[in-house]
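One structure is given here, and the rest of the page talks about it.
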Amino acid sequence: MRHFDRDFLTPSLYSDRMRVHVDSSKCQGHNRCYALAPELFDVDDYGNAFELNEGVVPAGLEDKARLAAANCPEFAIIIED
Ligand code: F3S
């Protein structure tokens, strides 16, 4: 009998996608990320950013993710790819 790792059997359309994450301990609410990539970021009532779509960057928006990260003066955006 063969045994499979549960994660191996879990289908994921996004497993190989770039991800972004806002480090809330660094974010100071400059909102450049939201201005540059509203498809990827939103801001809360205090003006601090958070990532949309659980951080998964849809295909074609990778450059916007990099642009947002490069323009955050607090270096609060982390990219995993
Ligand atoms: Fe925060 Fe940087 Fe965006 S400071 S609001 S993550 S540009």
Side-chain angles (χ1 to χ4, degrees):
M1 181 176 184
R2 295 183 73 177
H3 295 272
F4 292 96
D5 181 86
R6 193 175 72 88
D7 290 339
F8 177 79
L9 294 174
T10 304
S12 174
L13 295 172
Y14 306 112
S15 60
D16 60 346
R17 292 264 189 253
M18 174 190 280
R19 287 178 173 268
V20 290
H21 173 68
V22 178
D23 183 340
S24 60
S25 70
K26 292 182 178 177
C27 177
Q28 295 295 313
H30 295 286
N31 289 345
R32 293 184 187 177
C33 54
Y34 175 67
L36 291 166
E39 306 92 337
L40 303 176
F41 303 96
D42 202 350
V43 292
D44 64 18
D45 292 342
Y46 301 99
N48 295 318
F50 58 91
E51 62 277 1
L52 297 174
N53 194 33
E54 298 179 1
V56 175
V57 177
L61 295 179
E62 294 87 352
D63 286 348
K64 277 196 165 189
R66 292 188 190 97
L67 184 67
N71 278 277
C72 175
E74 307 297 336
F75 305 104
I77 298 173
I78 300 158
I79 291 182
E80 299 170 12
D81 56 0

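In each ligand, atom 1 is the first atom listed, and ligand 1 is the first ligand listed.
- In the vicinity of Gly29, heavy-atom distances shorter than 4.0 Å reach the ligand 1 atoms 1 (Fe), 4 (S), 5 (S).
- Less than 4.0 angstrom separates some heavy atom of Cys33 from each of these atoms of ligand 1: 3 (Fe), 5 (S), 6 (S), 7 (S).
- Note that CG of Asp42 is 9.5 Å distant from CG of Asn31, once rounded to the nearest 0.5 Å.
- Note: the hydrophobic cluster containing Val22 does not contain Leu52 (ILVMFWY, side chain heavy atoms under 4.5 Å, direct or indirect links).
- Separation of atoms CD1 (Ile77) and CD (Glu51) is listed at 9.5 Å; rounding is to 0.5 Å.
- Using modelled atom types and a 3.5 Å distance limit, the side chains of Glu80 and His21 yield no donor-acceptor pair.
- Atom 5 (S) of ligand 1 has as its closest protein heavy atom Asn31 N, 3.1 Å.
- Atom 1 (Fe) of ligand 1 has an N, O or S atom of Cys27 closer than 2.8 Å.
- The backbone and the side chain of Arg32 each have at least one atom closer than 4.0 Å to an atom of ligand 1 (non-hydrogen atoms only).
- Paired with Ile79 under the rule side chain to side chain contact (heavy atoms under 4.5 Å, CB included), one option of Arg19, Arg66, Glu62 passes, and it is Arg66.
- Close approach of ligand 1 to Glu74 (heavy-atom distance below 4.0 Å) involves ligand atoms 4 (S).
- Distance CD/Gln28 to CD/Glu74: 5.0 Å, rounded to 0.5 Å.
- The protein atom (non-hydrogen) at minimum distance from atom 2 (Fe) of ligand 1 is Cys72 SG, 2.4 Å.
- Applying the 4.0 Å criterion to heavy atoms of His30 picks out, from ligand 1, the atoms 4 (S), 5 (S).
- Tracing side-chain contacts under 4.5 Å through hydrophobic residues (I, L, V, M, F, W, Y), one never reaches Leu61 starting from Tyr34; they form parts of separate clusters.
- Of the protein's heavy atoms, Gln28 N, 3.3 Å lies nearest to atom 4 (S) of ligand 1.
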